[in-house]
Amino acid sequence: QTVDQFMKMNEKEEELAKRLKLQLCRIIPGNLDDDPDVLDQLGIAAVEMFDELLPEGEFIVAVAGGSTMATMARHMTTNLSDNRKFTFVPSRGGLGEVMSIQANSVSDLMAQATGGENTALFAPDNLSAQALDSLKDEPTIRYTINMMKRANCLLYSIGNAKVMMERRRMSADEKERLNESEVVGEAFGCYFDEKGNITSRLSRFGLQMEDVEEIPYAIAIAGGELKAKAIKAYSHIAPDHTWLVTDEGAANSILKGD
Ligand code: F6P
């Protein structure tokens, strides 16, 4: 598929897509950091993009957590299922965040909104190696992990590293270790620096950054100037076929080269 077959980009979107080496970018007016209403616009645009990107057929959609993803879920409708059948699966277990924005909750919301299926992952994601070994052979957990590995679509967000460290209530030691490695962003529980080097991985059950390359349909949704550095850094590791929905707050900052 070539990008010309899809929605047209305006000049600034073209420039951003070129700068980040991504197949397609959509820029929503406003800056999420100054105006919380922009989150809904990001969610609406992400649903439009999802509808545009996916052909007819059956999809296993791996879904990350976070407030952006939860907002996207709220804007999904059964129309998306007119010619498609969805099974949503969380891209990982819980990582100590608020329940309503965990990947498990978001995938359940998406399944309910579209009339699709949901496969939950009932396990925390930051277990010791020993606990993980005994849990990963549990049939329900194994089933979900297999679904995750078979995903042919991925919906996820990118976070500002410092914001995510606070949100996950990390210890001072953990934060110090991450700050020493100069991380700027986070996605899938992987923290990365400005050049896109992954310096820390929190998630053991979940999808890893390397898995994204294999997933044919992938949309990242991230807005706000505070996320600009993270988005730019992530573009060094993002597969070229990634589609991005962002806002002017992040896009202008990236294009200015801040
Ligand atoms: O914790 C899940 C997650 O998707 C992170 O990987 C990402 O950094 C973050 O949420 C984004 O959260 P928000 O949409 O609330 O900014």
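Since we're looking at a predicted model, the values are computed, not measured. Computed over heavy atoms, backbone and side chain alike; hydrogens, waters and symmetry mates excluded. Every number for a ligand or one of its atoms is a count from 1 in the order of the listing.
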Under 4.0 Å between a Lys/Arg side-chain N and an Asp/Glu carboxylate O for E166 and K175?
yes
Under 4.0 Å from a heavy atom of A64: give me the atoms of ligand 1 that qualify, with their elements.
4 (O)
Using a strict 4.0 Å threshold on nitrogen-to-oxygen distance, state whether R167 and E186 make a salt bridge.
no
Using a strict 4.0 Å cut-off to heavy atoms of I158, name the atoms of ligand 1 that fall inside it.
8 (O)
Return the option from E186, M72, R167 holding the heavy atom at the smallest distance from atom 10 (O) of ligand 1.
R167
If you count the atoms of ligand 1 from 1 in the order shown, which ones are under 4.0 Å from a heavy atom of G159?
7 (C), 8 (O)
Ignoring hydrogens and angles, write down the donor-acceptor pairs under 3.5 Å from the side chains of residues 29-39, residues two or more places apart or on other chains.
residue, atom, partner, partner atom, Å
N31, OD1, D33, N, 3.1
N31, OD1, E225, N, 3.1
N31, ND2, D34, OD2, 3.4
D33, OD2, E225, N, 2.9
D33, OD2, L226, N, 2.7
D35, OD1, D37, N, 2.9

Just jot down the side-chain hydrogen bond (donor to acceptor under 3.5 Å, both in side chains) partners of H75, sequence neighbours excluded, or say none.
D40
Between Q102, R92, K227, which one has a non-hydrogen atom sitting closest to atom 2 (C) of ligand 1?
R92
Any idea which of S157, G65, A187, G66 brings a heavy atom closest to atom 4 (O) of ligand 1?
G65
Evaluate M69 for polar contact with ligand 1, using N/O atom pairs at a separation under 3.5 Å.
no
Report yes if the distance between the aromatic ring centroids of F50 and F59 is under 6.0 Å, otherwise no.
no
Is the shortest side-chain N to carboxylate O distance from R84 to D51 below 4.0 Å?
yes
What atoms of ligand 1 come closer than 4.0 angstrom to any heavy atom of F188?
6 (O)
